[in-house]
Number of protein chains: 2
Amino acid sequence: MADVAERAGVSTSTVSRTLRGLSTVSPEIRARVEQAARELDFAISRRAASLVTGKTGTVAVLVCTLNSWFMGSALSALGPMLRAADLELNLYVVPDMAERAAFFERLPARRNADALLVFSFDLTEEETSRLDDLGMPVIYVSQHVDGRPSVYVDDVAGALSGTRHLLNLGHRRIAFLQAVGDSGFSFSSSERLLGYQQALTEAGIPLDEDLVVTTPFPDKHGTARALGQLLSLREPPTAVFAEHDEAAVATIRALRAAQIGVPEQMSVLGFDDHPVADLFDLSTVAQSPSDIGRTAGELALRLINDSDADHAQHIVLPSHVIPRATTAPLLQPQSRGQEQTGSP
Amino acid sequence: MADVAERAGVSTSTVSRTLRGLSTVSPEIRARVEQAARELDFAISRRAASLVTGKTGTVAVLVCTLNSWFMGSALSALGPMLRAADLELNLYVVPDMAERAAFFERLPARRNADALLVFSFDLTEEETSRLDDLGMPVIYVSQHVDGRPSVYVDDVAGALSGTRHLLNLGHRRIAFLQAVGDSGFSFSSSERLLGYQQALTEAGIPLDEDLVVTTPFPDKHGTARALGQLLSLREPPTAVFAEHDEAAVATIRALRAAQIGVPEQMSVLGFDDHPVADLFDLSTVAQSPSDIGRTAGELALRLINDSDADHAQHIVLPSHVIPRATTAPLLQPQSRGQEQTGSP
DNA sequence: TTGAAAGCGCTAACAC
DNA sequence: GTGTTAGCGCTTTCAA
């Protein structure tokens with residue numbers, strides 16, 4: 001910076017003021033400084049700046065993996081959003097329990113970020129309270145934590161509308177397919193099940209535990225097995241509501257392999273509006289991970305800049321049913337169902 | 001840090017030495033300092049440290065999106081790798097041309113990272129040379145740039161082996177399906193086409209331009225259209241080599257919709273070993289994005305720590321053919337082909 | 001509107 | 001093995 005100051009014939013203070021865009025610099029000097037900076041390829045060292053301002057200009061993001069549609073979409077939206085606010089994005093990838101323990105033990109983000117975004121973890125009480133005294137706003141994304149700022153989709157309401165959609169089509173025997181990932185049940189999973197149950201209850205349909213089946217995911221044959229349970233019931237379902245689209249697609253494939261027409265003999269509904277949903281013409285309950293990412297970023301910004309902001313605010317994002325070709329009225333084959341015939 | 005020093009009854013230098021793990025601290029003092037640090041929840045400010053060491057302790061990563069299997073896997077491996085080396089990961093997401101221009105205009109990573117990893121961009125000469133005077137090692141990942149450190153899979157060799165596999169199965173009419181994404185042809189695309197052509201040439205088979213078809217991707221009906229071209233040739237292919245697995249899966253679905261048996265009447269080969277490949281039992285040429293990510297991180301580390309290291313080194317990672325159920329010998333139905341029958 | 005000087009929190013060089 | 005001191009590159013008073 002001293003070089004720039006010398007070249008422009010001003011003090012470092014003036015260079016600093018110019019580069020920060022303060023209006024207290026006369027136009028001619030500003031021009032001189034900017035040119036000098038350009039000629040010397042000078043860029044501010046945020047680290048030196050943060051030392052004196054006390055702000056790091058960085059948002060930390062904690063994720064367990066990036067290898068999913070949800071994470072990919074959310075971060076692809078969060079990144080540019082933060083960049084627009086001139087914030088750096090510091091990524092912590094914590095794929096297993098060991099690394100997770102290490103993260104919470106050392107909390108490397110401490111003093112190195114202005115806020116932390118925690119994505120889709122199911123944190124223990126202990127972990128949550130550990131984050132409480134991190135000395136920065138912590139935003140919980142895609143999960144709700146009482147008393148802490150959170151951003152998420154209302155999975156209960158989403159599953160409720162999805163199930164209502166099936167009910168409105170005349171289905172009464174509706175199965176719910178839980179897909180358990182490597183890390184055990186997720187938060188969304190139980191919320192979605194809850195919405196399903198609520199819808200049945202409000203329709204006066206008694207809950208039948210046999211209609212709720214669980215399969216490991218991803219697992220090539222697990223879905224077929226789960227389906228087998230349903231199809232061998234005394235009164236099999238006429239519709240399957242899968243916890244997420246990928247499980248729904250696996251269901252469709254298993255059904256077609258068993259020569260069971262979708263949606264003629266079985267309606268299938270997913271959740272997420274994952275890209276495969278469009279590909280398979282799957283009816284689904286859509287959520288928008290990019291909205292989640294962006295909204296979380298905006299909340300972070302607000303909490304950073306405004307210490308009076310509500311530090312327990314929950315932002316609940318909407319979901320909506322997208323009827324496509326895999327749900328149809330009960331016992332009443334539709335023309336749109338025939339487009340599907342013979343297609344894999 | 002002063003607080004910790006006071007609490008432990010030592011100087012800040014000793015605290016610094018202890019926390020950095022230097023061996024020049026006596027065990028008893030070390031214990032005192034560590035306890036004091038723990039009690040005060042003290043963590044080093046990397047930003048203050050970097051000011052004096054000149055190292056930022058950060059690796060910057062430039063990506064255009066995170067929303068792909070490749071990026072997700074690569075970063076999910078890179079993250080923990082960097083963490084193990086006690087480096088922060090600073091992510092720059094540059095989804096469109098405007099943001100890209102802004103990035104190269106301002107180069108926000110300048111002075112704020114020790115190295116830059118550029119993922120899967122097709123950079124212009126100008127952009128590359130702009131990065132040259134960034135003052136830090138720049139590693140090109142999943143692309144090769146002459147004279148700069150690069151990490152990538154040998155797409156030519158991969159496509160060569162893939163095509164040879166089809167040739168060895170007796171196929172002589174082999175189509176190549178190019179899948180053009182939103183951003184136009186990618187580097188890999190043309191390399192893979194080249195490998196395909198090389199294999200045919202070495203087998204003494206003249207190149208037939210009609211066998212190379214192009215489809216937009218993702219596009220629900222594009223693949224069927226491209227397939228239509230192939231199937232209406234005077235001498236249709238008996239095998240299709242798709243540029244990547246997702247296009248291969250689309251091809252399989254289009255073929256099955258048209259009642260053309262895979263692999264009985266048409267072999268289909270993909271590239272990548274994307275998760276869908278396993279799901280669809282798709283034969284493919286496998287690459288490992290996580291290896292790419294990890295290797296790139298290791299190279300970055302080497303270039304950061306050893307200024308004598310070769311700054312033009314290209315690391316080429318292997319790919320290998322994984323035969324699954326979608327490729328079979330020409331005109332000679334196999335038992336493994338029958339497993340497929342009736343399955344969607 | 002600009003400059004001089006102090007100091008952010010840390011590490012490194014040197015002395016003990 | 002430990003403490004003292006100087007200074008990394010910035011921003012921020014404060015004075016001019």
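Below, read A as the first sequence line, B as the second, and so on, with proteins coming before strands; counting in each chain starts at 1.
As rounded to whole Å, 25 Å separates atom P of D:dG9 from atom NZ of A:Lys55. Nucleotide D:dG9 holds its C1' atom 16 Å from the CD atom of A:Glu6, rounded to whole Å. Between the CG atom of A:Asp3 and the P atom of D:dC8 there is a distance of 12 Å, rounded to whole Å. For A:Arg32 and C:dT1, the CZ to P distance is 15 Å, given to the nearest whole Å. If you take CE of B:Met1 and P of C:dC8, they are 13 Å apart, rounded to a whole angstrom. If you measure from atom CG of A:Leu19 to atom P of D:dT11, you get 8 Å, rounded to the nearest angstrom. Note: CG (A:Leu22) to C1' (C:dT1) measures 12 Å, nearest angstrom.
Here A:Glu191 pairs with A:His144, A:Asp155, A:Val156, A:Phe187 under the side-chain contact (heavy atoms from CB on, under 4.5 Å) rule; sequence neighbours left out.
With hydrogens and angles ignored, no donor-acceptor pair closer than 3.5 Å exists between the side chain of A:Arg111 and the base of C:dG9. Taking only distance into account, the side chain of A:Ser13 meets the base of D:dT12 through a donor-acceptor pair shorter than 3.5 Å. One cannot find a donor-acceptor pair under 3.5 Å joining the base of C:dG9 and the side-chain atoms of A:Arg47. Residue-to-nucleotide contacts include no donor-acceptor pair under 3.5 Å from the side chain of B:Thr53 to the base of C:dA12.
The residue among B:Arg17 and A:Ala48 whose nearest nucleotide of DNA chain D lies closer to the 5′ end is B:Arg17.
Contact check, A:Ser45 against D:dG9: no side-chain N or O comes under 4.0 Å of OP1 or OP2. Proximity of A:Arg20 to the phosphate of D:dT11: a side-chain N or O atom is located under 4.0 Å from OP1 or OP2. Checking the phosphate oxygens (OP1, OP2) of D:dT11, a side-chain nitrogen or oxygen of A:Ser16 falls inside 4.0 Å. Listed pair B:Ser26 / D:dT2 meets the phosphate criterion, a side-chain N or O lying under 4.0 Å from OP1 or OP2.
In this structure, the nucleotide among C:dT11, D:dT2, D:dG9 sitting nearest to the side chain of B:Leu51 is D:dG9. Among the nucleotides D:dT11, C:dC10, C:dT2, the one closest to the side chain of A:Thr12 is D:dT11. Among the nucleotides D:dG3, C:dT11, D:dT11, the one closest to the side chain of B:Ile44 is C:dT11. Out of D:dT11, C:dC8, C:dG3, the shortest distance to the side chain of A:Ser11 is found at C:dG3.
Between the side chains of B:Ser73 and A:Asn67, at least one donor-acceptor pair of N or O atoms lies under 3.5 Å.
Proximity of B:Val59 to B:Ile304: side-chain heavy atoms (C-beta onward) are separated by under 4.5 Å at one or more points. A:Asp306 has its side chain out of reach of A:Leu301: every pair of non-hydrogen atoms, C-beta onward, lies at least 4.5 Å apart. By the 4.5 Å heavy-atom criterion applied to side chains, B:Leu62 and B:Phe104 are counted as neighbours.
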